[in-house]
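Please read the structure below before turning to the comments.
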Amino acid sequence: MSIDALSAILLIPALSAAVLAILPGYRLTAKLNVVAALATFLTSLSLFVVEPVSGQYLLMDDLNKVFIVLTTFVSLTTSVFSASYIQHEIEIGRLAPAFLRFYHAMYQTLMFAMNLALVANNIGLMWVAVEVATLTTVLMVGIYRTHEALEAAWKYFILGSVGIALALFGTILVYMAARPVVGEGLDGMVWTVLVKHAAQFDPALLNVAFAFLLLGYGTKVGLAPLHAWLPDAHAEGPTPISAVLSGLLLNVALYALLRFKMMLAVNSAAIAPGPLMVTMGLISVIFAALMLYRRRDIKRMFAYSSIEHMGIIVFAFGMGGPLANFAGLLHMTMHSLTKSAIFFAVGHIAQVKGTQKIADIGGLTVTNPALGWGLMLGVIAIVGLPPLGIFMSEFLVVSSTFARAPWLTVILVLGIIIALGGLLLRIGAVMFGEPKGKTAPAEASYVPMFTHLGLVLMAGIYLPPVLVTGFQNVAKLLG
């Protein structure tokens, strides 16, 4: 039963993609897309009931359970938002009906690729899954077929390909380090075998491998200075894909990086991955925080916010230890929920105002109160103000850092404060300024946005003991 459930996480989106590619009609395919996402989410929850059995190709442990449930949940809520959002894009002529089958089929293909990357026990298979996810999102970013969208898609494709090539080279080096110990063949690529024997691997090869893996998968995480694809892809692609990119795909690349970090931690002679991750995390936080002040496109602004928060998460995992790892997991979860909710709100705004330019948007709390206050709540959450969940996770990151490296705390807190000022400064006129632009009603559902924000608010006030225990177990695994 557990094997069936683990396989179903992959089979449901894969088969759904094939069916959606054939079926005509937007309403039917939109509903089937939601049903497929719901079935995958419910299947992921069943993995907590029956302990799955891992094999040479598929793996399920406490670490990827967290990622799988988060991924399938946000995929479900995004599919609900996407159903009415994309219909509006067709009605206004921005999206051609000919691309509808393509859109929904690609959505489920992306879900399949991300799920495969998360459950793969083979590091080569994991790399292939991340590559499939990259190619799928490249196609979806360029779906509007405008000059800007195609340019963003090509930029994403080129930079993403460079990153994934570096990750492939790092993966090959890990196999070369493992071959003298575990022999040639499949065992040299199986993560559970690799982590068991990693203490005997050549540390020099592991060091070089991790450098390439950090650069390769770090490109997909969106860490500065490897981030250049991310703002364009967010700004020019459909808003549901922006939500998936920020809320999920960045996490998948981070997950791959954490798997290799765990492997290096076993080998005492290898380089400590923590300082490298801390450095890149801090660079990302400071850089993205400063860039927030000059953004004129609201989706591009929140894309830089994603770079900042992924920097905080990578920094936390780089610091390591039970508390920092717990804080990193919590912050990753809260960021996924909050940022996807913000992009849902931004999608509504683009429909209501007919623009993404901040200068042309104003007085949302007057013209569209539910939308305006929803976005305001999302911004309050993402900048880390109490009592929402990101305040809790950032507080834990700062506390754990202060106890071990006080001078790093100063840099981290400075970046967080700069980002807070930048976002509040830019969003103030959008929320409370003089009403500007159109006042058309928002067609897409508000339910996904407020569901996410409700969960983030609840997490800031009360974390269920079962969630705390689960995160603590994962934090111990990460070392």
Does the pair W154 and V138 meet the rule for a side-chain contact (heavy atoms from CB on, under 4.5 Å), with working shown?
CA-CA 7 Å; W154 273 108; V138 165; over 6 Å; no
- [ ] Would you please test L420 and L385 for side-chain contact (heavy atoms from CB on, under 4.5 Å) and show each step?
- [x] CA-CA 9 Å; L420 181 150; L385 294 179; 3.8 Å; yes
- Test L478 against L63 for side-chain contact (heavy atoms from CB on, under 4.5 Å), laying out the working first. CA-CA 8 Å; L478 291 171; L63 175 59; 4.2 Å; yes
(Q) Does R296 form a side-chain contact (heavy atoms from CB on, under 4.5 Å) with I358? I'd like the steps, not just the answer. (A) CA-CA 6 Å; R296 294 179 175 85; I358 295 174; 5.7 Å; no
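V252 and A117 make their closest contact through CG1-CB, 3.6 Å (heavy atoms, listed as atom of the first residue, atom of the second, distance). Between A381 and I390, the shortest heavy-atom contact is O-CB, 3.3 Å. When all heavy atoms of G218 and L226 are compared, the pair lying nearest together is C-CD1, 3.9 Å. Considering all non-hydrogen atoms of both residues, T401 and V397 come closest at OG1-O, 2.7 Å. The heavy-atom pair separating L223 from M310 by the smallest distance is CD2-O, 4.2 Å. In plain terms, the two heavy atoms of I283 and A224 that are nearest each other are CG2-O, 4.0 Å.
Side-chain atoms of H452 and S340 include a donor-acceptor pair closer than 3.5 Å. With hydrogens and angles left out, the side-chain atoms of Y85 and T239 include a donor and acceptor closer than 3.5 Å. Side chain to side chain, R300 and Y304 fail the donor-acceptor criterion of an N or O pair below 3.5 Å. In this structure, a donor-acceptor pair under 3.5 Å is absent between the side chains of T40 and N115. Neither side chain, Y107 nor T136, offers a donor N or O lying under 3.5 Å from an acceptor on the other.
Residue pairs that meet the ring pair (Phe, Tyr, Trp, His ring centres under 6.0 Å) test with at least one member in residues 215-241, sequence neighbours left out, are Y156-W229, H227-F287, H234-F343.
Between I298 and K357 there is no side-chain heavy-atom pair separated by less than 4.5 Å. Looking only at side-chain heavy atoms (C-beta outward), S284 and V314 stay at 4.5 Å or farther from each other. In this structure, L70 and V66 have side chains that are not in contact, with every pair of non-hydrogen atoms separated by 4.5 Å or more. Considering only heavy atoms from C-beta on, F471 stays 4.5 Å or farther from L463 through its side chain. No side-chain heavy atom of E131 sits less than 4.5 Å from a side-chain heavy atom of K220. V244 places none of its side-chain heavy atoms less than 4.5 Å from the side chain of T137. Side-chain contact between M431 and W373 is absent, with no heavy-atom pair separated by less than 4.5 Å. Side-chain contact check for I68 versus F41: every heavy-atom pair is 4.5 Å or farther apart.
The OG1 atom of T109 lies 8.5 Å from the CE atom of M140; values are rounded to the nearest 0.5 Å. One finds the OG1 atom of T43 at 10.5 Å from the CG atom of L6 (value rounded to the nearest 0.5 Å). Separating the OG1 atom in T134 from the CZ atom in F157 is a distance of 10.0 Å, to the nearest 0.5 Å. Expressed to the nearest 0.5 Å, how far NE2 of H335 lies from CG of L250 amounts to 7.0 Å. Atom CG of L59 sits about 10.0 Å away from atom CE of M126, to the nearest 0.5 Å. Atom-to-atom distance recorded for D232:CG and L159:CG is 9.0 Å, nearest 0.5 angstrom.
For the salt bridge (charged side-chain N to carboxylate O under 4.0 Å, His left out) test, residues two or more places apart in sequence or in another chain that qualify with K65 are E51.
For Q356 (side chain) and A235 (main-chain N/O), a donor-acceptor pair under 3.5 Å exists by modelled atom type. The backbone N or O of A419 sits nowhere less than 3.5 Å from a side-chain atom of Y293 that would complete a donor-acceptor pair. The main-chain N or O of G163 is never found under 3.5 Å from a side-chain atom of T219 such that the two would form a donor-acceptor pair. Remark: the backbone N or O of R295 is paired with a side-chain donor or acceptor of R426 at under 3.5 angstrom. Remark: the backbone N or O of L76 is paired with a side-chain donor or acceptor of S79 at under 3.5 angstrom. One N or O on the side chain of T72 and one on the backbone of V69 form a donor-acceptor pair closer than 3.5 Å.
Using a 4.0 Å cut-off between charged side-chain N and carboxylate O, R259 and D61 make a salt bridge.
For the ring pair (Phe, Tyr, Trp, His ring centres under 6.0 Å) test with F344, the passing option among F81, F302, F450 is F81; the others fail.
Atom CZ of F48 has more than 12 neighbouring heavy atoms from other residues, nucleotides or ligands inside a 6.0 Å radius.
Between H309 and F315, the distance separating the two ring centers is not shorter than 6.0 angstrom.
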